[in-house]
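These notes are about the structure you will find just below.
Remember, it's a predicted structure, so these values are computed and weren't measured experimentally.
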Amino acid sequence: QVQLVESGGGLVQAGGSLRLSCAASGRTFSSYAMGWFRQAPGKEREFVAAISRTYGNTYYADSVKGRFTISRDNAKNTVYLEMNSLKPEDTAVYYCAADPRVVPLTGAAYWGQGTQVTVSS
């Protein structure tokens, strides 16, 4: 089992940047594929980005491709989401996700509590 704690959310103007972090507990972080999802008010949770556990292959939603970058530091048990050129439509609660078997593209075994990102126009 793994516990996930997100940080780095906040309020930013359109065009700005934020970096989200997700710290994972346990000594087997490298055995989990990691991802980020988001949920805007009144909408369903949606996939944002993911990174594989072995080769660090990355996956992105079309809406964030070219603006967001996911990365992981296995030595620090942390996954990051660098968000640039933020738009008001990026406003959402962002959730960190982990899965020991598959890259979390549609769901995950473990979830963090979420961190709010608000982009003002």
Side-chain angles (χ1 to χ4, degrees):
Q1 189 170 354
V2 62
Q3 292 183 327
L4 307 172
V5 179
E6 303 97 334
S7 62
L11 174 64
V12 64
Q13 289 188 333
S17 300
L18 281 175
R19 187 176 80 157
L20 305 183
S21 300
C22 172
S25 64
R27 296 173 291 179
T28 59
F29 175 75
S30 60
S31 66
Y32 290 87
M34 303 296 296
W36 290 93
F37 289 71
R38 68 186 181 187
Q39 187 167 20
K43 295 187 176 181
E44 293 186 352
R45 189 177 298 186
E46 65 175 3
F47 167 74
V48 175
I51 187 166
S52 68
R53 59 182 181 175
T54 303
Y55 298 108
N57 295 327
T58 57
Y59 308 81
Y60 297 96
D62 288 343
S63 59
V64 306
K65 202 171 294 183
R67 299 188 298 122
F68 290 11
T69 301
I70 188 171
S71 62
R72 64 188 299 160
D73 186 335
N74 289 340
K76 295 183 178 180
N77 283 10
T78 301
V79 63
Y80 303 97
L81 185 67
E82 185 75 35
M83 305 185 295
N84 298 313
S85 302
L86 282 161
K87 305 175 181 180
E89 51 263 44
D90 294 318
T91 295
V93 177
Y94 283 70
Y95 296 91
C96 180
D99 200 290
R101 293 175 296 174
V102 298
V103 176
L105 302 178
T106 59
Y110 303 100
W111 296 91
Q113 294 299 308
T115 185
Q116 176 71 46
V117 172
T118 303
V119 184
S120 63
S121 58

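Applying the 6.0 Å contact sphere to CD of Gln3 captures no more than 12 heavy atoms from other residues, nucleotides or ligands. Within 6.0 Å of NZ in Lys43 there are 12 or fewer heavy atoms belonging to other residues, nucleotides or ligands.
One finds the CG atom of Leu20 at 8.0 Å from the CZ atom of Phe68 (value rounded to the nearest 0.5 Å). Taken from OG1 in Thr78 to CZ in Phe29, the straight-line distance is 6.5 Å, to the nearest 0.5 Å. With rounding to the nearest 0.5 angstrom, the CH2 atom of Trp36 is 13.0 Å from the CZ atom of Phe47.
Looking at every heavy atom in both residues, Val119 comes nearest to Thr91 through N-OG1, 2.9 Å. Across all non-hydrogen atoms, the minimal contact from Val64 to Val48 is CG2-O, 3.5 Å. Contact between Ser121 and Ala14 at its shortest, heavy atoms only, is CA-CB, 4.3 Å. Looking at every heavy atom in both residues, Phe37 comes nearest to Gly107 through CZ-N, 3.8 Å. The minimum heavy-atom distance linking Ala49 with Leu81 is given by the pair CB-CD1, 4.1 Å. When all heavy atoms of Val2 and Tyr32 are compared, the closest pair comes out as CG1-CE2, 3.9 Å.
Linking Ile, Leu, Val, Met, Phe, Trp and Tyr whenever their side-chain heavy atoms come within less than 4.5 Å leaves Leu105 and Val79 in two separate clusters. Under the 4.5 Å side-chain heavy-atom criterion for grouping Ile, Leu, Val, Met, Phe, Trp and Tyr, Tyr59 is not connected to Ile70 through any hydrophobic cluster. Cluster membership check: Tyr80 does not share its hydrophobic cluster with Leu86, using side-chain heavy-atom separations under 4.5 Å among Ile, Leu, Val, Met, Phe, Trp and Tyr.
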Result block: side-chain N/O donor-acceptor pairs under 3.5 angstrom for residues 93-100, not counting sequence neighbours:
unit_1 : atom_1 : unit_2 : atom_2 : d
Tyr94  : OH     : Arg38  : NH1    : 2.9
Tyr94  : OH     : Asp90  : O      : 2.6
Asp99  : OD1    : Arg101 : N      : 2.9
Asp99  : OD1    : Val102 : N      : 3.2
Asp99  : OD2    : Ala109 : N      : 3.1

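Residues meeting the side chain to side chain contact (heavy atoms under 4.5 Å, CB included) test with Glu82, sequence neighbours left out: Arg19, Thr69, Asn84. Partners of Ser7 according to the side chain to side chain contact (heavy atoms under 4.5 Å, CB included) rule, which considers only residues two or more places apart in sequence or in another chain, are Ser21. Considering only residues two or more places apart in sequence or on other chains, Arg72 meets the side-chain hydrogen bond (donor to acceptor under 3.5 Å, both in side chains) condition with Asn74. Applying the side chain to side chain contact (heavy atoms under 4.5 Å, CB included) criterion to Leu11, with sequence neighbours excluded, gives Thr118, Ser120.
Judged as a disulfide (SG to SG under 2.5 Å), not a single pair has a partner in residues 49-79 (not counting sequence neighbours).
A donor-acceptor pair under 3.5 Å links the side-chain atoms of Glu6 to the main chain of Gln113, judged by distance alone. Of the possible donor and acceptor atoms, one in the side chain of Arg53 sits under 3.5 Å from a partner among the backbone N and O of Ser31.
The closest side-chain heavy-atom distance from Trp111 to Arg45 is below 4.5 Å.
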